[in-house]
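Note that the coordinates shown come from a computational prediction; the quantities given were computed from them, not determined experimentally. Each chain gets a letter, A, B and so on, in the order its sequence line appears, and its residues count up from 1.
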Amino acid sequence: MDNLIRALGVSKHYGKKIALDNINLDIAAGKIVGLIGPNGAGKTTLLKGILGLAPVEGELSVMGMNPQRERVRLLEQVSFIADTATLPRWMRVKELIAYTEAVHPRFSRASCMKFLENTNIQQKDKVEQLSKGMVTQLHLALIMAIDSQLLVLDEPTLGLDIIYRKQFYENLLNDYYDAQKTIIITTHQVEEIESILTDLVFISGGKILLDASMETVANTYVELQVEAQYKDHALAHNPIHVRNLLGGYGMLYENCVQRDSLAALGRLASPSLSDLFVAKVKPQISVQGAV
Amino acid sequence: MKMNAIVAQFKRELWENRASFLWSQLIFGFLFYLSIVFFISTKFDFRDGGMVSIGGADPFSMELIVSIYLAISWALQVIVFAVVILVYTHSTLFSDRKTREILFWHSMPVSETASVLTKLAMICILVPLAIFVVNLVGGFLFVVFLGVVNPVLDDIWSALFGLNVSVRLLGNSFEVVLLMLPAITWFLFCSAYARRSPVTISLSVPLGLSILDAIAEKYFGFTLLFNDVLKAYIQLGRASFKKMMTGSDTSVASIDLISSVGLQAASLALLFSALMIGAAIWLRNNRYEI
């Protein structure tokens with residue numbers, strides 16, 4: 001499958017601070033990729049590079065285009081929502097729709113109106129009159145009505161309550177996503193996107209720590225929930241991360257071939273993304289705290 | 001860029017600045033109309049042959065009184081728009097960079113070149129046209145008013161003929177914009193360049209250069225020519241304004257600003273303006289603040 005995004009040796013410095021450190025990344029079409037990282041990890045910088053909003057060193061191509069040099073042509077194929085507060089507050093809904101329709105060749109007014117039918121948003125409303133959740137619905141309606149090949153979402157549900165957050169991802173999956181479209185999502189609320197991702201990228205300190213499909217992740221990583229009395233046996237299998245649990249430990253293993261042996265020590269489970277994330281970003285292999 | 005996308009860019013500017021670009025003109029135009037109508041209603045005296053005497057002064061022809069109305073209305077609108085443009089040029093390439101709104105605009109396939117040139121065209125094309133339309137409508141309503149108080153067909157026809165002055169005033173509006181182009185583009189550049197206050201830069205840089213030039217001339221015996229250019233520019237503006245206000249004997253609209261400016265000076269002014277706009281576009285493309 002052709003790569004939609006290809007990054008080879010991509011770096012970015014802000015003065016002495018390294019935001020991206022020689023990153024290599026390939027993203028194929030039709031994927032939903034979670035770009036997960038702590039604050040200051042380089043997620044937004046990478047997305048800005050992909051969108052042509054910031055220059056980066058190295059080789060970066062998006063749909064065969066140089067994002068910085070061909071930003072306008074690229075944005076005919078790429079949509080993005082930076083966060084929920086970027087729609088101009090002085091604009092009316094009908095003006096936003098009219099503007100987007102006029103400047104974006106792949107925008108469908110009919111689709112946008114269909115999305116808005118299920119909301120309480122009126123055409124005459126000004127953005128500043130809408131609640132944060134409604135602004136998100138409006139932005140999503142505008143973006144989903146664009147038949148783009150790549151959708152970039154940078155913390156799209158930041159500050160929204162749980163109902164709007166759930167609705168956001170439901171709409172995204174039901175009304176937008178198909179096998180031809182690629183979505184990149186960054187968020188701190190990893191548990192919300194866990195079930196919809198096809199691929200996972202962990203980034204920290206400007207470096208890619210993990211780049212794998214969810215299937216690979218499930219096959220590669222396993223968590224053993226073990227009682228305290230079996231901890232030495234479990235530690236002998238070289239976990240990459242150990243955390244305290246009530247009455248025992250959770251030990252995370254990478255590429256462990258002796259799953260049967262582990263199963264004999266306790267309960268095996270697929271690690272949650274947040275546990276895996278912590279394990280990769282902040283490995284902790286000694287047992288801490290007395291149980 | 002397609003035509004409807006260009007129109008959308010203009011609409012966006014109008015939507016964003018509707019209070020300053022639309023409502024201020026309509027309100028000032030309406031207030032001026034009301035005050036003139038009130039003034040003439042209390043002071044006019046129609047005589048034979050379509051001559052009008054106001055407050056006992058020598059009589060005017062209907063055509064001339066309409067011309068005077070249009071010229072004063074035009075001058076007032078130019079002053080109102082001068083304030084509007086001063087604010088607009090300083091803020092338009094600055095304020096969107098300071099909010100996350102810029103991320104929405106950058107998510108649309110519109111180049112910075114198109115965006116900056118639209119803003120320039122708003123000032124250079126749309127403002128003169130807006131003045132023309134408001135002036136013409138106001139002038140027509142004024143003729144209607146004159147027709148009501150003096151319903152003589154020949155006089156009304158003569159008054160209607162006076163409206164042709166608005167077309168000449170449209171030409172004058174374009175000339176004023178051309179005269180102001182170096183200042184307009186300088187303000188736009190400051191708006192694109194400033195990190196904190198465009199006004200501070202737009203004022204302090206010329207002021208600093210002026211002081212440097214004065215020091216160089218006084219203590220080192222040479223000049224940077226900045227003060228000479230600035231003086232010539234200000235003098236030209238003052239002379240043009242004075243000419244506009246006094247006018248010629250028969251037509252207040254017969255102003256020729258272009259002939260007042262030499263070809264060399266005009267070329268320099270255009271070159272400076274082009275450089276400022278080019279620099280503003282470059283800054284918009286290469287500065288990443290959010």
Ring-face cation of R168(B) near W74(B) (centre distance under 6.0 Å, axis angle within 45°): no
Toward chain B, the part of R89(A) with a non-hydrogen atom under 4.5 Å: backbone
Evaluation steps, side chain to side chain contact (heavy atoms under 4.5 Å, CB included), between R6(A) and N3(A): CA-CA 6 Å; R6(A) 164 155 282 197; N3(A) 284 324; 3.4 Å; yes
Passing option when Y88(B) is tested against I123(B), I184(B), V83(B), V127(B) for side-chain contact (heavy atoms from CB on, under 4.5 Å): I123(B)
Contact leader toward chain B among A98(A), A102(A), G52(A), S79(A), where contacts are heavy-atom pairs under 4.5 Å: A102(A)
Donor on one side chain, acceptor on other, K31(A) and T198(A), under 3.5 Å: no
Region of Q77(A) in contact with chain B, defined by heavy-atom distances below 4.5 Å: neither
Pairs of heavy atoms under 4.5 Å with chain A: top-ranked of R12(B), K11(B), H106(B): H106(B)
Donor + acceptor pair across side chains of N22(A), S11(A) (<3.5 Å): no
Chain B contact via P55(A) - which portion, at a heavy-atom distance below 4.5 Å: both
